[in-house]
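Numbering of ligands and ligand atoms starts at 1, following listing order.
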Amino acid sequence: MMNSGRRVIGSEHVAETRAKGRVVMEIMPTDIVTAQAQETAARLGIKLVPGPLERPQVHKTDGATSLRRTLYRRSPRWIAPQRPKNGTASPIRKLALIGAGGVGANIGHLAANAGSADEIALIDVVPGLAASVALDLNHASGVSRSRSRASGGEDLSAVADADVVVVTAGRPRTPGMTRADLIDVNRRVIHTTAEAIRTKAPGAVVIVVTNPLDEMTVEMLRATEFPREQVLGMAGTLDSSRFRNALAMAAGVSSGDVEAITLGSHGDEMAPIVSRARIKGRPLDVFLDGKQIDACVKDAVTGGGQVVALRKTGSATIAPAHASIELIDHIRGARTGPVPASVMLDGEFGISGVVLGVPCHLGSNGLISVKELPLSRSELDALQAAAEAIRERLEA
Ligand SMILES: NC(=O)c1ccc[n+]([C@@H]2O[C@H](COP(=O)([O-])OP(=O)(O)OC[C@H]3O[C@@H](n4cnc5c(N)ncnc54)[C@H](O)[C@@H]3O)[C@@H](O)[C@H]2O)c1
Ligand SMILES: O=C(O)C[C@H](O)C(=O)O
C-alpha cells in the first residue's frame with residue numbers, strides 16, 4: 001500500500017512474510033508500521049528490523065530507468081572513519097618512533113608507505129637497531145616511491161621538535177604473563193622516554209603503545225605533565241579491529257561490512273559495544289545468535305593473548321601497527337569521525353581521573369573532544385567497572 005511515497009506496513013504484509021517462511025521483515029526509514037502489524041509480528045515471531053544502509057532505488061527519467069544509490073543513515077557512521085573526499089591531508093612534518101622493535105618498525109613501514117610523515121625518526125636503546133630499520137625503510141623507497149625520509153639512532157634527543165611521538169619502547173609479554181606483569185619494567189622505560197619528550201618535544205602529541213596500556217598512558221601523562229589532550233593511548237583501534245574481524249568471520253562477510261567498537265581497558269575489562277555494532281548496517285542479531293556474539297566478544301578480549309601463545313617470544317606487531325596508524329591518520333586529518341583512544345577522563349561517561357578507552361575526536365593537537373555515545377546500561381556498567389579496576393591497579 002503506498003501513501004504519499006511511503007509504504008504502510010499492515011498486518012497482511014507481516015502474515016505474507018510468515019507465509020514465505022521468513023522470520024525477519026525489513027523496514028525502511030520511510031515506512032509506517034501500523035500498531036496491528038506490530039502485534040501480528042510479535043504473535044507470529046517475526047522480527048521487524050531496520051533495512052540495509054544502502055539500497056538501490058529505481059527512478060524513471062525521461063522514460064529511461066536509472067539506478068540510483070540512496071544512502072540510509074540508519075545509525076550515524078560513528079565507527080568507520082572516512083577519508084576526506086579530496087584525500088589531500090598533509091603528512092606530519094616529523095614523526096618520532098621510540099622503540100624500533102616489532103611494533104615500532106611496522107609503524108615506520110606503514111607510515112613511510114602511506115606518506116604519513118615527511119620525516120620519520122626512529123630511536124631504540126639496542127645499538128644499530130633503529131639505524132638499520134631506518135636504512136631498510138629508505139632502501140624500500142626506491143620501489144615504493146615513498147617521500148618519507150627515515151633516520152635512526154640510540155639518542156633520545158632525536159625526538160626534538162617532533163609533531164607526533166609514538167612510544168612502543170618496552171618489553172612485550174610472553175606466554176604465562178598478563179600485561180599487568182609488565183608494569184614495573186615498562187614504567188621505568190616510560191619515565192626515561194617521557195623526560196626526553198617533555199624537554200625536547202613539548203608540543204608533540206604522544207601516542208603510548210607500551211603495555212600495560214592504560215597504566216603506561218597515566219605514567220606518561222604524569223611524567224610529561226602534558227595536558228590530557230596531548231597524551232593518547234592506543235588500544236581501542238586494535239581491539240575494535242579484532243572485534244570487527246571476529247564478527248565478519250562469524251557472519252561470513254568482509255570486515256568492511258562491519259561497524260563495531262570496543263571501549264574500556266586494554267585487558268580483561270575491555271568493553272566491546274554490542275548495542276551499537278552493525279553488520280551491513282543491521283543489528284548483530286539479524287546475522288548471529290547470542291552464543292556467536294558472545295564468542296566474538298571473547299575473541300576481541302583474548303586476541304592479544306592468542307598471538308602471544310602462538311608466538312612464544314613476544315606479542316602481536318602487525319595489527320597494532322595498523323591500529324597506531326589509524327590514530328596518526330586522525331591526528332593529521334586523513335580520517336575523520338570518532339575513533340577509540342585511551343584518554344584521561346574528566347567527567348565523561350560519569351568517570352573522572354582515570355585513563356580509559358573512549359570514542360574521541362582527534363586533530364593536530366591531539367584530543368579535541370570525547371564523544372559520549374548513548375550506551376546500554378550494561379555497557380555503561382562495564383565502563384565504570386573498567387575504570388575502577390584501572391584505578392585499583394594504579395593505587396596498588
Ligand atoms: N597497546 C597495544 O595495543 C599494544 C599492542 C602490541 C604491543 N604492545 C606493547 O608494545 C611494546 C612493544 O612491543 P614490541 O612487540 O614492539 O616489542 P619489541 O621487544 O619487539 O620492541 C620493543 C623495543 O623497545 C626498545 N626499548 C626498550 N627500552 C627502551 C628505551 N628506554 N628507549 C628506547 N627503546 C627502548 C627495545 O630495545 C625493543 O627494541 C610492549 O610493551 C607490548 O606489550 C601494545
Ligand atoms: O597482548 C599483548 O600483550 C600485546 C597487545 O596488547 C595486544 O593486544 O596484542
Could you list the atoms of ligand 1 found under 4.0 angstrom from a heavy atom of [X]?
X	answer
P320	5 (C), 6 (C)
A316	6 (C)
R171	40 (C), 41 (O), 43 (O)
V126	37 (O)

Are the side chain of [X] and the backbone N or O of [Y] linked by a donor-acceptor pair below 3.5 Å?
X	Y	result
R93	D161	yes
T168	G99	yes
R228	M344	yes
E379	S376	yes
R282	V286	no
E259	G281	no
Q230	P202	yes

For [X], run the side-chain contact (heavy atoms from CB on, under 4.5 Å) check against [options] and tell me which one passes.
X	options	result
N211	R179, M216, R171	R179
L362	T336, V205, I368, L232	L232
R222	E225, M220, E219	E219

- Query: Applying a strict 4.0 Å limit to heavy atoms, is V125 in contact with ligand 1?
  - Reply: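 Judged by the 4.0 Å heavy-atom criterion, V125 does count as contacting ligand 1.
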- So is G314 in contact with ligand 1, going by heavy-atom distances below 4.0 Å?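 It does not, in that no heavy atom of G314 comes within the 4.0 Å cut-off of ligand 1.
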For ligand 1, indicate whether the residue [X] contacts it via side chain, backbone, both or neither (heavy-atom separation under 4.0 Å).
X	result
H266	side chain
L156	neither
P172	both
L213	side chain
N186	side chain

- Please confirm whether N211 comes under 4.0 Å of ligand 2, counting heavy atoms of the residue only.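 Judged by the 4.0 Å heavy-atom criterion, N211 does count as contacting ligand 2.
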- Are any of the heavy atoms in M177 under 4.0 Å away from ligand 2?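 No.
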- Query: Is the number of heavy atoms from other residues, nucleotides or ligands under 6.0 Å of D381 CG greater than 12?
  - Reply: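 Buried by this count: over 12 neighbours within 6.0 Å.
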- Message: Would you say that more than 12 heavy atoms from the other residues, nucleotides or ligands in this model lie under 6.0 Å from the CD of E16, or not?
- Response: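 Yes, CD of E16 has more than 12 neighbouring heavy atoms, counting only those of other groups under 6.0 Å.
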Closest by any non-hydrogen atom to [atom]: pick that one out of [options].
atom	options	answer
atom 11 (C) of ligand 1	L122, T168, D239, L129	T168
atom 16 (O) of ligand 1	D214, V103, I207	V103
atom 2 (C) of ligand 1	M234, E154, M216	M234
atom 7 (C) of ligand 2	Q306, R242, R311	R242
atom 27 (C) of ligand 1	A319, G170, A323, A235	G170

- Item | Minimal non-hydrogen separation, V133 against A105, with atom names |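 Closest heavy-atom pair between V133 and A105: CG1-CB, 3.9 Å.
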Numbering as shown, the atoms of ligand 2 that approach [X] to under 4.0 Å (heavy-atom distance):
X	value
S315	2 (C), 3 (O), 4 (C)
H266	5 (C), 6 (O), 7 (C), 8 (O)
G304	1 (O), 7 (C), 8 (O), 9 (O)
R173	1 (O), 2 (C), 3 (O)
A316	9 (O)

- Query: Less than 3.5 Å between some nitrogen or oxygen of V209 and one of ligand 1, yes or no?
  - Reply: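 Yes, V209 has an N/O under 3.5 Å of an N/O on ligand 1.
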- Message: Is there a polar contact, in the sense of an N or O pair closer than 3.5 Å, between T193 and ligand 1?
- Response: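 Between T193 and ligand 1 (N or O atoms, distance only) the closest approach is not under 3.5 Å.
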- Message: Please determine whether a side-chain nitrogen of the Lys or Arg among R149 and E119 lies less than 4.0 Å from a carboxylate oxygen of the Asp or Glu.
- Response: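 Salt bridge: no.
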- Between D184 and R187, does at least one N-O distance fall below 4.0 Å, as a salt bridge requires?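 Salt bridge present between D184 and R187.
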Write out the residue and atom name of the closest protein heavy atom to [atom], then the distance separating them to 0.1 Å.
atom	value
atom 28 (N) of ligand 1	V189 CG1, 3.7 Å
atom 43 (O) of ligand 1	N211 ND2, 2.9 Å
atom 21 (O) of ligand 1	G101 CA, 3.3 Å
atom 20 (O) of ligand 1	G102 N, 2.8 Å
atom 37 (O) of ligand 1	D124 OD1, 2.6 Å

- Message: Checking contacts here: is it the side chain or the backbone of L238 that comes within 4.0 Å of ligand 2, counting heavy atoms only? Could be both or neither.
- Response: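 Side chain only; the backbone of L238 stays clear of ligand 2.
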- Are V308 and I183 in one and the same hydrophobic cluster, where Ile, Leu, Val, Met, Phe, Trp and Tyr link if side-chain heavy atoms are under 4.5 Å apart?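 As far as the 4.5 Å side-chain criterion goes, I183 and V308 are not connected within one cluster.
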- Query: Is L129 reachable from L156 through a run of hydrophobic residues whose side-chain heavy atoms are each under 4.5 Å from the next?
  - Reply: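 Yes: a chain of side-chain contacts under 4.5 Å links L156 to L129.
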- Message: Do H266 and D214 pair up side chain to side chain, a donor and an acceptor below 3.5 Å, judged on atom types alone?
- Response: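 Checked: H266/D214 side chains show no N/O donor-acceptor pair below 3.5 Å.
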